[in-house]
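Remarks on the structure that follows.
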Amino acid sequence: MDPSVNRVIEQLRSRRLPALKKKYREAFGENPRSSNKQFLFRRIAWQLQANAEGGLSDRARHRAAEIADDADMGTGAPSRFSASPAPIVTTPPIDRSRPPRDWRLPEPGTLLTRRLGGEDIVVKVLQQGFEYRSRPYRTLSAIAREVTGTRWNGFLFFGLTERGSG
């Protein structure tokens, strides 16, 4: 590639966002829709290289437009591949109102124990949250804080994970 293009691209790396937006307007003739510095840098660098090296062929541009359009793509298998109608599979709707269950947690009903200062700390894993001394808690960290008076990672406190993992 042309060394002058390399120099310009290297100078772009150190530019601030307003300067990159200005360079984007010069390169593309329109205002950028993004304010992501890395994205703008990459787009400008690509355009500079395309100008220097010739960019995509007309055939490649046309094919890319066809793929992006999705008009030429079917939504199912060709009819010659399916002799009979496919069975309708219904899956229960996913409840996205709550975060997914953490994989480090044992099944609901499991008792987690930890011995601290001569006392056994027993926590029951519930479907949503935990129970300690007949009181509900949302997190293991809240229970660890209740017991010790200091902040703890609940998974670490109850031995469900090791320091530095996950």
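Heavy atoms only, all atoms of each residue included: Leu40 and Pro32 are closest at CD2-CB, 3.5 Å. Scanning both residues, Pro106 and Leu112, for their nearest heavy atoms gives CG-CD2, 3.8 Å. Heavy-atom minimum distance, Lys124 versus Gly109: CE-CA, 4.2 Å. Smallest separation of non-hydrogen atoms from Ala52 and Val5: CB-CG2, 3.6 Å.
In this structure, Glu146 has no side-chain hydrogen bond (donor to acceptor under 3.5 Å, both in side chains) partners at least two apart in sequence or on a different chain. In terms of the side-chain hydrogen bond (donor to acceptor under 3.5 Å, both in side chains) criterion, Thr110 has no residue partners (sequence neighbours excluded). By the salt bridge (Lys or Arg N to Asp or Glu O under 4.0 Å) test, Arg115 is found to be paired with Asp120, residues two or more places apart in sequence or in another chain being considered. Applying the side-chain hydrogen bond (donor to acceptor under 3.5 Å, both in side chains) test to Asn36 and every residue at least two apart in sequence or in another chain returns nothing. By the side-chain hydrogen bond (donor to acceptor under 3.5 Å, both in side chains) test, Asn51 pairs with Gln47, sequence neighbours left out.
Going from atom CZ of Arg104 over to atom CG of Leu156 covers 10.0 Å, rounded to the nearest 0.5 Å. In this structure, CG in Leu160 is found 9.0 Å from CG in Asp102, a value given to the nearest 0.5 Å. One distance of note links CG of Asn153 with CG of Leu140; it measures 9.0 Å at 0.5 Å rounding.
Residues in residues 141-164 take part in these ring pair (Phe, Tyr, Trp, His ring centres under 6.0 Å) pairs, two or more places apart or across chains: Trp152-Phe157. Each salt bridge (Lys or Arg N to Asp or Glu O under 4.0 Å) pair with one or both residues in residues 32-49, not counting sequence neighbours, would appear here, but there are none. Each salt bridge (Lys or Arg N to Asp or Glu O under 4.0 Å) pair with one or both residues in residues 3-12, not counting sequence neighbours, appears once here: Glu10-Arg13.
For Ser141 and Thr139, the side-chain atoms include no donor-acceptor pair closer than 3.5 Å.
Cluster note: Val122 groups with Leu111 through ILVMFWY side-chain heavy atoms spaced under 4.5 Å, whether in direct contact or through intervening members.
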Using residues 15-28 as the side-chain source, report each donor-acceptor pair under 3.5 Å to any protein atom, sequence neighbours left out, with the distance given to one decimal.
residue	atom	partner	partner atom	Å
Lys21	NZ	Ser35	OG	3.0
Arg25	NH1	Asn31	OD1	3.4

Listed pairs under 3.5 Å, donor-acceptor, residues 129-138 side chains, sequence neighbours left out:
residue	atom	partner	partner atom	Å
Arg133	NH2	Glu119	OE2	2.5
Arg135	NH1	Tyr137	OH	3.2

